[in-house]
Amino acid sequence: MARRPLGQLEAEVLAALAALERPAGAAELRLRLVGEPAHTTVNTVLSRLCDKRLVTRIRDGRQYLYRLAVDETRLVAGRMYDHLRFANDPRSVLSRFVQSLSADEERALRQILDASRPEPA
């Protein structure tokens with residue numbers, strides 16, 4: 001299995017927690033991640049996410065249960081905007097991004113863009 005950047009694993013853990021919509025332990029989250037990373041790796045990521053105040057944890061017997069402490073959509077959109085803002089050529093970045101979308105994702109983006117445009121007077 002190829003190593004992925006820690007930021008990607010953090011994003012996967014956050015997405016898994018968001019999808020569950022309830023607190024979950026490291027073992028359950030591990031099973032929901034691509035490639036099932038080591039339990040210790042998931043615990044490390046969860047600990048770092050706690051330090052960053054992106055998740056909270058509560059004791060449940062001998063384990064911790066984790067829950068999102070932020071709005072995942074806002075967090076991801078903010079990261080996307082930050083990357084775009086610092087790009088040398090934002091238009092090319094947007095073009096490349098759109099080219100990488102699946103047909104369903106492209107349709108959703110078109111609907112969002114159409115809905116955000118004001119109606120002509």
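Listed by chain and number, the hydrophobic cluster partners of Ile58 are Leu65, where partners are ILVMFWY side chains within reach of under 4.5 Å, directly or through others.
Note: Asn43 CG to Gln63 CD = 9.5 Å, rounded to the nearest 0.5 Å. The line from CG of Leu29 to CG of Leu20 is 6.5 Å long, rounded to the nearest 0.5 Å. Here Leu17 contributes atom CG and Glu12 contributes atom CD; the two are 12.5 Å apart, rounded to the nearest 0.5 Å. Distance check: Arg30 CZ to Glu36 CD gives 5.0 Å after rounding to the nearest 0.5 Å. Here Arg107 contributes atom CZ and Ile112 contributes atom CD1; the two are 13.0 Å apart, rounded to the nearest 0.5 Å.
With sequence neighbours left out, the salt bridge (charged side-chain N to carboxylate O under 4.0 Å, His left out) criterion links Glu28 to Arg22, Arg32. Among residues two or more places apart in sequence or in another chain, the side-chain hydrogen bond (donor to acceptor under 3.5 Å, both in side chains) test is passed with Glu106 by Arg110. A search for side chain to side chain contact (heavy atoms under 4.5 Å, CB included) contacts involving Ala87 returns Val93, not counting sequence neighbours. Considering only residues two or more places apart in sequence or on other chains, Thr40 meets the side-chain hydrogen bond (donor to acceptor under 3.5 Å, both in side chains) condition with none of them. Judged as a side chain to side chain contact (heavy atoms under 4.5 Å, CB included), and not counting sequence neighbours, the contacts of Asp89 are Arg91, Ser92. Take Thr56 and apply the side chain to side chain contact (heavy atoms under 4.5 Å, CB included) test, not counting sequence neighbours, and it matches Arg67, Ala69. Under the rule for a side chain to side chain contact (heavy atoms under 4.5 Å, CB included), the partners of Ser102 that lie at least two apart in sequence or sit in another chain are Asp104, Glu105. Arg59 is linked by a salt bridge (charged side-chain N to carboxylate O under 4.0 Å, His left out) to nothing, counting only residues two or more places apart in sequence or in another chain. Residues satisfying the side-chain hydrogen bond (donor to acceptor under 3.5 Å, both in side chains) test with Glu21, not counting sequence neighbours, are none. Checked against side-chain hydrogen bond (donor to acceptor under 3.5 Å, both in side chains), Asp114 has the following partners two or more places apart in sequence or in another chain: Arg117.
In this structure the side chain of Leu109 reaches within 4.5 angstrom of the side chain of Leu101, judged on heavy atoms.
Cation-pi geometry between Arg57 and Tyr66 is not satisfied (NZ or CZ under 6.0 Å from the ring centre, within 45° of the ring normal).
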Could you give the side-chain donor-acceptor pairs of residues 79-86 under 3.5 Å, partners two or more places apart or in another chain?
from: Asp82; atom 1: OD1; to: Arg85; atom 2: NH2; distance (Å): 3.1

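Counting all heavy atoms, side chain and backbone alike, Val34 lies closest to Pro37 at O-CD, 3.8 Å. Across all their heavy atoms, Ala18 and Glu72 have their closest contact at CB-OE1, 3.3 Å.
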*Check the pair Leu46 / Val42 against side-chain contact (heavy atoms from CB on, under 4.5 Å), numbers first and verdict last.*
CA-CA 6 Å; Leu46 287 165; Val42 175; 3.8 Å; yes
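Using a 4.5 Å cut-off between side-chain heavy atoms of Ile, Leu, Val, Met, Phe, Trp and Tyr, with links allowed through other members, Leu113 and Val98 fall into the same hydrophobic cluster.
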